[in-house]
Amino acid sequence: MLRKFTTVGMYGLAVLWLFPLLWAVWTSFRPRELATSWSLSADFTLDNFAKVWDSAPFDQYYINTFLIVTGILVAQIITATLAAYAFAKLQFWGKDVLFVLFLVQLMVPADILIFPNYNVLRDLSLLDTKIGIMLPYFASAFGVFLLRQTFKTIPHELEEAARMEGCSWFQILWRVYVPLAKPTYIAFGLVSVSYHWNNFMWPLIITNSVENRPLTVGLAIFAQSFETGAQWAEVSAATVMVIFPLLLAFLVFQRQFINSFIHSGVK
């Protein structure tokens with residue numbers, strides 16, 4: 001009986017989570033005059049997407065977002081890989097204490113650091129730049145933790161065998177640890193990309209130009225504009241355009257995403 005209630009509750013929560021997404025998709029393909037109508041008809045159109053694309057520089061927003069997300073992910077993978085290897089395999093004084101202090105970052109909300117980061121970037125003259133959006137996120141405590149857990153499960157004998165073959169520490173890291181941690185990299189990549197793709201507050205504060213504005217900020221400005229403020233069909237179409245790449249990425253990599261947390265010991 002308890003299992004049935006759990007299953008029903010799980011499906012109920014899934015429906016609640018899916019409803020806003022399904023409503024946005026449904027509305028985005030409906031003609032403007034039928035956008036808020038619940039009548040079931042075969043009237044569907046792509047005009048909403050065409051109008052949205054022509055009404056705002058979404059092509060520039062996509063380029064900006066792609067560059068920002070990719071730059072952050074590359075920097076995070078490099079820094080997290082090096083730090084995770086050090087915490088997992090190297091021996092040095094105070095390693096455990098330093099690792100605990102490093103993980104304290106997980107308990108610090110990113111919004112608390114907005115004003116200190118803003119002042120630093122202002123002093124560096126990096127406001128309203130892509131590098132300014134990326135710089136505070138070049139290191140990830142979550143990425144270090146996730147990769148450290150994976151590296152600790154890799155047998156030390158593999159590293160010793162590589163050393164006997166004459167590999168340097170960098171070659172060992174690149175040829176032994178990185179390939180075996182591929183599912184973890186995929187999972188962390190999805191988490192990082194989804195977070196920074198949807199990041200809104202920080203880019204909103206430090207960007208003023210179209211050349212550096214990401215999709216989230218562009219979508220907010222588009223939705224609040226006078227011409228489209230009450231046009232639910234266009235706003236829904238713009239929303240679907242923004243979230244579609246993330247949905248596609250999750251559907252493609254969902255198995256690796258789930259498996260990586262299971263193998264990393266993260267329950």
Side-chain angles (χ1 to χ4, degrees), residues 68-121 124 126 131-159 169-170 172-203 205-206 216 246 249-250 253-267:
I68 292 169
V69 168
T70 303
I72 292 175
L73 180 60
V74 170
Q76 286 183 338
I77 287 178
I78 294 174
T79 57
T81 299
L82 296 176
Y85 177 77
F87 284 125
K89 296 299 180 179
L90 300 184
Q91 299 298 327
F92 53 90
W93 184 85
K95 182 178 72 171
D96 294 334
V97 175
L98 183 60
F99 182 66
V100 172
L101 293 176
F102 194 83
L103 291 183
V104 170
Q105 298 178 62
L106 294 174
M107 297 183 290
V108 179
D111 293 344
I112 294 179
L113 303 175
I114 285 179
F115 290 106
N117 289 336
Y118 182 91
N119 292 331
V120 171
L121 292 179
L124 296 175
L126 291 177
I131 190 67
I133 299 176
M134 295 186 286
L135 192 59
Y137 300 100
F138 277 174
S140 171
F142 175 72
V144 173
F145 170 72
L146 201 61
L147 287 172
R148 173 185 177 270
Q149 296 301 104
T150 301
F151 287 170
K152 286 178 70 69
T153 63
I154 297 176
H156 188 67
E157 290 76 12
L158 294 176
E159 180 174 344
W169 72 268
F170 180 77
I172 294 173
L173 184 62
W174 180 253
R175 297 180 180 179
V176 177
Y177 287 95
V178 171
L180 293 176
K182 181 180 177 182
T184 303
Y185 282 108
I186 293 176
F188 174 68
L190 286 174
V191 172
S192 176
V193 168
S194 62
Y195 177 84
H196 295 290
W197 190 282
N198 294 318
N199 195 9
F200 173 72
M201 185 62 67
W202 176 245
I205 291 175
I206 71 166
T216 50
L246 289 182
F250 181 77
F253 296 107
Q254 61 176 326
R255 184 179 297 274
Q256 293 91 330
F257 179 79
I258 296 173
N259 288 341
S260 66
F261 285 100
I262 295 176
H263 294 313
S264 299
V266 181
K267 307 298 183 184

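- Residues that satisfy the side-chain contact (heavy atoms from CB on, under 4.5 Å) test with L180, not counting sequence neighbours, are I154, L158, V176.
- Residues meeting the ring-ring contact (aromatic ring centres under 6.0 Å, His included) test with Y177, sequence neighbours left out: Y85, F151.
- Taking CD1 of I205 as the start and CD1 of I114 as the end, the distance is 4.0 Å to the nearest 0.5 Å.
- When all heavy atoms of G132 and L121 are compared, the closest pair comes out as O-CD1, 3.2 Å.
- For P136, the side-chain contact (heavy atoms from CB on, under 4.5 Å) test picks out N117, W202, with sequence neighbours left out.
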Acceptor/donor pairs from residues 94-106 side chains to any protein atom, 3.5 angstrom cut, sequence neighbours excluded:
residue	atom	partner	partner atom	Å
K95	NZ	F87	O	3.4
K95	NZ	L90	O	3.1
Q105	NE2	F102	O	3.2

Using the side chain to side chain contact (heavy atoms under 4.5 Å, CB included) rule, take L147 and F188 through it: C-alpha gap first, then chi angles, then the decisive distance, then the call.
CA-CA 9 Å; L147 287 172; F188 174 68; 5.7 Å; no
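- Every residue two or more places apart in sequence or in another chain that forms a side-chain contact (heavy atoms from CB on, under 4.5 Å) with L246 is listed here: V193, S194, W197, N198.
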Only distances under 3.5 Å count here; give the side-chain donor-acceptor pairs of residues 69-81 to other protein atoms, sequence neighbours excluded, each with its distance to 0.1 Å.
residue	atom	partner	partner atom	Å
T70	OG1	F66	O	2.7
Q76	OE1	S192	OG	2.7
Q76	NE2	Y137	O	2.8
T79	OG1	A75	O	3.0
T79	OG1	Q76	O	3.2
T79	OG1	F138	O	2.9
T81	OG1	I77	O	2.5
T81	OG1	Y185	OH	2.7

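- Remark: side-chain polar atoms of T216 are paired, donor with acceptor, to backbone N or O of N199 under 3.5 angstrom.
- Within a 6.0 Å sphere centred on CZ of F92, heavy atoms belonging to other residues, nucleotides or ligands number more than 12.
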